[in-house]
Amino acid sequence: EVQLAESGGASVQTGGSLRLSCTASGLSIDDYAIGWFRQAPGKEREGVSCISTGDGSTYYADSVKGRFTIFSDSAKNTLYLQMNSLKPEDTAVYYCAAAFQWGNSCPWTWSLYTYWGQGTQVTVSS
């Protein structure tokens, strides 16, 4: 059974930092493009960042470029999202998702991902 388990969400003040983790079981993250998505109340799910299978290329939404970093630890089968300089507009439930073998890219459309975690809440107060 494939499972993705996010953790690390919390309540922080503006300018704070958090590191989200996405630990996979039942699959190897080396075989999957992994994406981070978020959904705020009343808003659609949006892509935040993703990392490709092939060459480990990383992609970021314009709204988080320079503040967020996605990286992986294959030995732990875990993906991370380091979030710095957090803003109130970053408040959302954050999800990780896996899409099988996208080569040197990763899908930005959430519907193209096969497996999803349960989400972790990030709240940034001003």
Side-chain angles (χ1 to χ4, degrees):
E1 180 185 6
V2 173
Q3 287 188 331
L4 300 176
E6 302 99 333
S7 61
S11 295
V12 297
Q13 292 188 328
T14 298
S17 297
L18 286 173
R19 178 176 293 182
L20 305 184
S21 300
C22 172
T23 300
S25 58
L27 64 79
S28 170
I29 62 171
D30 292 338
D31 294 330
Y32 285 76
I34 305 294
W36 283 99
F37 291 80
R38 66 187 181 187
Q39 189 164 19
K43 295 187 177 181
E44 292 194 358
R45 193 175 309 183
E46 63 172 351
V48 175
S49 181
C50 63
I51 186 167
S52 70
T53 315
D55 60 1
S57 297
T58 57
Y59 302 86
Y60 299 93
D62 288 343
S63 59
V64 307
K65 278 181 183 176
R67 300 188 297 123
F68 290 12
T69 303
I70 188 172
F71 60 100
S72 63
D73 185 335
S74 296
K76 296 182 179 180
N77 215 31
T78 299
L79 263 291
Y80 301 93
L81 185 68
Q82 177 67 41
M83 306 188 297
N84 298 328
S85 302
L86 284 162
K87 305 175 180 180
E89 50 264 43
D90 295 318
T91 295
V93 177
Y94 284 70
Y95 301 90
C96 65
F100 187 63
Q101 293 197 345
W102 273 77
N104 294 333
S105 66
C106 46
W108 208 245
T109 304
W110 65 266
S111 60
L112 295 177
Y113 285 80
T114 304
Y115 301 107
W116 288 83
Q118 81 288 352
T120 186
Q121 176 71 46
V122 172
T123 303
V124 185
S125 58
S126 57

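Basis for what follows: all heavy atoms, side chains included, without hydrogens, waters or symmetry-related copies.
In this structure, SG on C22 lies 9.0 Å from CG on N77, to the nearest 0.5 angstrom. The OG atom of S11 lies 11.5 Å from the CG atom of L86; values are rounded to the nearest 0.5 Å. The OH atom of Y32 lies 4.5 Å from the OH atom of Y115; values are rounded to the nearest 0.5 Å. With values rounded to the nearest 0.5 angstrom, S126 atom OG is found 13.5 Å from K87 atom NZ. Atoms CG and CD1, from L81 and I34 in turn, are 12.5 Å apart once rounded to the nearest 0.5 Å.
The backbone N or O of A92 lies less than 3.5 Å from no partner atom in the side chain of Q39, so there is not a single donor-acceptor pair. With hydrogens and angles disregarded, a donor-acceptor distance shorter than 3.5 Å links the side chain of S28 to the backbone of D30. Without hydrogens or angle criteria, S52 side chain to S57 main chain gives a donor-acceptor distance under 3.5 Å. Remark: side-chain polar atoms of E6 are not paired, donor with acceptor, to backbone N or O of T120 under 3.5 angstrom. Between the side chain of T53 and the backbone N or O of A33 there is at least one donor-acceptor pair closer than 3.5 Å.
Linking Ile, Leu, Val, Met, Phe, Trp and Tyr whenever their side-chain heavy atoms come within less than 4.5 Å puts M83 and V48 in one cluster. Follow the hydrophobic side-chain contacts under 4.5 Å out from Y60 and you reach L79 in the same cluster. Residues V122 and Y80 do not share a hydrophobic cluster, defined by chaining ILVMFWY side chains whose heavy atoms lie under 4.5 Å apart. Note on V64 and F71: separate hydrophobic clusters, where clusters join Ile, Leu, Val, Met, Phe, Trp and Tyr whose side-chain heavy atoms are under 4.5 Å apart, directly or indirectly. Y59 and L20 are not part of a single hydrophobic cluster, where members link through side-chain heavy atoms under 4.5 Å apart.
The number of heavy-atom neighbours closer than 6.0 Å to CD of E89, taken from other residues, nucleotides and ligands shown, is above 12. Heavy-atom contacts from other residues, nucleotides or ligands closer than 6.0 Å to CD of E46 number more than 12. Within a 6.0 Å sphere centred on CH2 of W116, heavy atoms belonging to other residues, nucleotides or ligands number more than 12.
Closest approach of W36 and S21 over heavy atoms only: CH2-O, 3.6 Å. Heavy atoms only, all atoms of each residue included: G8 and L18 are closest at O-CD2, 3.8 Å. Summarising the geometry of Q118 relative to L4, their closest heavy-atom pair is OE1-O, 3.5 Å, with the distance given to 0.1 Å. For S49 against I70, the heavy-atom pair with the smallest separation is OG-CG2, 3.2 Å. Nearest heavy atoms, Q121 versus T91: NE2-CG2, 4.1 Å. Of all non-hydrogen atoms in I51 and G56, the two that sit nearest each other are CG1-O, 3.7 Å.
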Would K65 and D62 count as a salt bridge (Lys or Arg N to Asp or Glu O under 4.0 Å) here? Give the steps. CA-CA 5 Å; K65 278 181 183 176; D62 288 343; 3.2 Å; yes
T23 vs T78, side chain to side chain donor-acceptor pair (under 3.5 Å): CA-CA, chis, key distance, verdict: CA-CA 4 Å; T23 300; T78 299; 3.2 Å; yes
Do any side-chain atoms of residues 98-107 form donor-acceptor pairs under 3.5 angstrom with protein atoms, and if so which ones, sequence neighbours left out?
residue, atom, partner, partner atom, Å
N104, OD1, D55, N, 2.9
S105, OG, W102, O, 3.2

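For S17, the side-chain contact (heavy atoms from CB on, under 4.5 Å) partners at least two apart in sequence or on another chain are Q82, N84.
Ring geometry for W108 against F37 counts as tilted: the plane angle lies between 30° and 60°, on a 0 to 90° scale. Note on ring orientation: taking the six-membered ring where Trp is involved, the planes of Y94 and F68 are tilted (angle from 30° to 60°).
With contacts defined as side-chain heavy-atom distances shorter than 4.5 Å, the pair R67/D90 qualifies.
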